[in-house]
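No experiment lies behind these values; they were computed from the predicted model shown.
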Amino acid sequence: MRFLPVLALLLLAACADAGAAKPLACGFVGHSVLPISHAGPFASVASTIDGTRATLVVDTGAGQTVLSLAAAHRAGVALDPRMTVRATGIGGTATYATGRVGRLLLGDIPVTPAMVTIMPKVPLADGNIGMDILGDVDLDIDFPAGRITLYRGLLCPGTPLPWNTPATELHTEALMPPGLPATARPRQLLLAMELNGKPALAMLDTGAGYSVVARSFVTRLGVTDAMLETAPAIHLAGLSPDAANGRLWRFADARIGTERIAAPAMVVTDLHEAGFDVLLGMDYLAMHRVWLSYGARRIFVAHQ
């Protein structure tokens, strides 16, 4: 089995207004459809940054939208020396510069991020769209159909999804930014699942090529370091400056909503300062349709 490179970015510190969007009233006031293409194993959308065309990966695991330094230079995005971002990912923690974009289009949909993070390189694309943009709408992420629909507003309590297919709502846990009220947008929205019969918290990460499990979690399952050493070694590359290594471990089963996945192979590595146990990456998401609402703290998965 060939391992797909992992792009897993968790922004743990950003500008003061990140996540501070005002809560929306429930109900939808419109929606827009983004057709997706592929950048390696990832979903990308054609975008325009201050009039310059770019390809951006849709990354629900990133708290902040990211541009490569080359893409920022092409679009004339000036770096802001007064503001930096501390980012932690698969390879560890680093500090990056930021810049401000005057006009950003996803397809033909205008969005206005307060700032973007500038990284020396972004694999496979010109940048990644993070939850600073995606978290302000309800997302219908339908990779099998090749589209992402952005709903302005949020799903009201007791209101069915605007789908024609049955779906299961998952239990969620919202991790809030420090110092912000409970009505603010969560820093992370996690879902409850089971791995080898043990409860776990997971993040849906469209910026991860493969699902990843924290080494600390498999230790609680009774998997020792000596046992992991017998599993295939995996080289991990992501947005962090340093690479990391993991082990491809086959679990007995995983349960997500009503679905049981038999004998899933997931990469075991250290998830630095993550606050959760599992990253559900594109090996899972490419075959599923999910609804992700940071505003309503709700996640649904369509039945297979």
Side-chain angles (χ1 to χ4, degrees), residues 4-15 18-19 32 34-81 83-91 93-137 139 141 143 148 150 203-209 237-242 279 281-282 285 292:
L4 301 175
V6 169
L7 302 181
L9 175 69
L10 308 175
L11 294 183
L12 302 180
C15 62
S32 302
L34 280 174
I36 57 176
S37 54
H38 293 280
F42 307 107
S44 65
V45 295
S47 306
T48 306
I49 304 166
D50 288 342
T52 300
R53 292 183 178 179
T55 299
L56 301 180
V57 167
V58 177
D59 190 351
T60 59
Q64 193 73 28
T65 294
V66 172
L67 294 182
S68 70
L69 184 60
H73 283 166
R74 287 198 306 271
V77 177
L79 273 63
D80 185 349
M83 182 69 70
T84 58
V85 167
R86 177 175 172 265
T88 297
I90 289 292
T93 299
T95 300
Y96 298 102
T98 66
R100 294 190 177 271
V101 173
R103 183 170 174 80
L104 174 60
L105 299 178
L106 305 182
D108 59 357
I109 304 168
V111 296
T112 52
M115 73 172 193
V116 294
T117 300
I118 310 296
M119 293 189 171
K121 293 183 180 180
V122 176
L124 304 176
D126 297 310
N128 288 33
I129 310 163
M131 294 309 294
D132 56 329
I133 293 173
L134 301 176
D136 285 338
V137 294
L139 299 170
I141 305 174
F143 288 125
I148 298 175
L150 285 63
M203 171 183 280
L204 294 175
D205 189 354
T206 59
L239 295 178
S240 300
D242 300 319
L279 282 172
M282 288 300 293
L285 290 164
L292 181 60

What pairs of residues pass the side chain to side chain donor-acceptor pair (under 3.5 Å) test when at least one of them lies in residues 43-54, not counting sequence neighbours? Ser37-Ser44
Working note: Val45 + Val58, criterion side chain to side chain contact (heavy atoms under 4.5 Å, CB included); need CA distance, chi angles, decisive distance, verdict. CA-CA 7 Å; Val45 295; Val58 177; 4.0 Å; yes
Grab the two heavy atoms, one from Met282 and one from Pro41, that are nearest each other, plus how far apart they are. CE-O, 3.6 Å
Point-to-point distance, once rounded to the nearest 0.5 Å, from CD1 of Ile148 to CG of Leu34: 6.5 Å
Looking at OG1 of Thr117 and OH of Tyr96, how far apart are the two atoms once the value is rounded to the nearest 0.5 Å? 9.5 Å
Is there a side-chain contact between Lys121 and Leu69 (heavy atoms, below 4.5 Å)? no
Is the backbone of Thr55 close enough, under 3.5 Å, to the side chain of Asp126 for a donor and an acceptor to pair up by distance? yes
Heavy-atom check, side chain of Met115 versus side chain of Gln64, under 4.5 Å: yes
Are Val66 and Val116 close enough that some pair of their side-chain heavy atoms sits under 4.5 Å apart? no
Do Phe42 and Leu124 touch side chain to side chain, with heavy atoms closer than 4.5 Å? yes
Do Leu139 and Leu150 come within less than 4.5 Å of each other through their side chains, counting heavy atoms only? yes
Got Leu285 and Leu204 here, is their nearest side-chain heavy-atom distance under 4.5 Å? yes
Any side-chain heavy atom of Asp59 within less than 4.5 Å of one from Asp205? yes
Name of the residue among Leu292, Asn128, Ile129 meeting side chain to side chain contact (heavy atoms under 4.5 Å, CB included) with Thr60: Leu292
Starting at CD1 of Ile49, measure out to OG1 of Thr65 and round the result to the nearest 0.5 Å. 9.5 Å
Looking at every non-hydrogen atom in both residues, tell me the closest pair between Ala43 and Ile36 and how far apart they are. CB-CD1, 4.0 Å
Among residues at least two apart in sequence or on other chains, which ones pass side chain to side chain donor-acceptor pair (under 3.5 Å) with Ser32? Arg152
How long is the straight-line distance from NE2 of His73 back to CD1 of Ile118, given to the nearest 0.5 Å? 8.0 Å
